[in-house]
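Read the structure below first, then the notes.
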Amino acid sequence: MFKKTMNRMFSMSNDAWYILLSSVKLCCLLCLCAFALLVEWGGNMSEYYNLYMTAISLNEISQAVLLLGVIGSFLIEAIQS
C-alpha cells in the first residue's frame with residue numbers, strides 16, 4: 001500500500017507539485033517565525049503575552065496552510081485525471 005501511495009504521489013502534475021511544495025515552504029517559514037518569537041518571549045507571561053499569542057497563532061496558521069495546500073494539490077490532481 002505504501003508503494004502504491006508513493007507511486008501515485010510521484011506521478012502528480014507540475015501544478016500540484018508546485019502547490020504542495022510552496023505550502024510546505026510557507027509552513028516551514030511560519031514555524032521558524034513562531035519559534036523565533038517563542039525564543040524572544042523567554043517565558044515572561046506578564047510582559048510579552050502578545051509575543052506568545054502571536055507565536056501560537058503563527059503555528060496554527062502554518063497547519064492550516066499545509067492542510068489547504070494538500071487539499072488544493074489533491075483537487076488539481078482529481079480535476080486533471
Side-chain angles (χ1 to χ4, degrees):
M1 181 165 173
F2 181 72
K3 190 174 184 179
K4 186 177 178 181
T5 303
M6 293 305 287
N7 285 337
R8 175 74 176 150
M9 190 174 113
F10 288 130
S11 65
M12 288 190 329
S13 67
N14 289 337
D15 294 334
W17 268 115
Y18 177 75
I19 289 175
L20 184 64
L21 291 178
S22 296
S23 64
V24 168
K25 289 176 187 177
L26 184 57
C27 179
C28 290
L29 178 68
L30 290 173
C31 285
L32 182 65
C33 291
F35 178 73
L37 286 175
L38 285 175
V39 168
E40 181 67 29
W41 171 57
N44 190 356
M45 189 65 83
S46 61
E47 291 183 26
Y48 298 113
Y49 181 73
N50 290 335
L51 285 179
Y52 174 75
M53 291 308 295
T54 304
I56 296 301
S57 298
L58 284 175
N59 188 25
E60 292 171 355
I61 289 171
S62 69
Q63 295 171 13
V65 165
L66 187 59
L67 179 65
L68 290 175
V70 168
I71 291 172
S73 64
F74 171 76
L75 288 176
I76 287 177
E77 279 297 309
I79 290 171
Q80 290 182 356
S81 295

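Within the structure, no pair that satisfies the ring-ring contact (aromatic ring centres under 6.0 Å, His included) test touches residues 53-81, not counting sequence neighbours. For residues 51-79, the side chain to side chain donor-acceptor pair (under 3.5 Å) pairs, not counting sequence neighbours, are Ser13-Glu77.
Under a hydrophobic clustering in which Ile, Leu, Val, Met, Phe, Trp and Tyr are joined whenever their side-chain heavy atoms come within less than 4.5 Å, directly or via other members, Tyr18 and Leu20 fall into different clusters. Using a 4.5 Å cut-off between side-chain heavy atoms of Ile, Leu, Val, Met, Phe, Trp and Tyr, with links allowed through other members, Trp41 and Ile61 fall into the same hydrophobic cluster. Linking ILVMFWY side-chain heavy atoms closer than 4.5 Å, directly or via other members, places Leu21 and Met12 in a single hydrophobic cluster. Under the 4.5 Å side-chain heavy-atom criterion for Ile, Leu, Val, Met, Phe, Trp and Tyr, Leu51 and Tyr49 are members of the same hydrophobic cluster.
Legend: residues meeting side chain to side chain contact (heavy atoms under 4.5 Å, CB included) with Leu75, ordered by chain and number and at least two apart, are Ile71. Every side-chain hydrogen bond (donor to acceptor under 3.5 Å, both in side chains) that Ser46 has, sequence neighbours left out, goes to Asn44.
From Ser22, atom OG reaches atom CH2 of Trp17 across 12.0 Å, with rounding to the nearest 0.5 Å.
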Please tabulate, for side-chain N and O atoms in residues 26-38, each donor-acceptor pair with protein atoms closer than 3.5 Å (sequence neighbours left out).
none

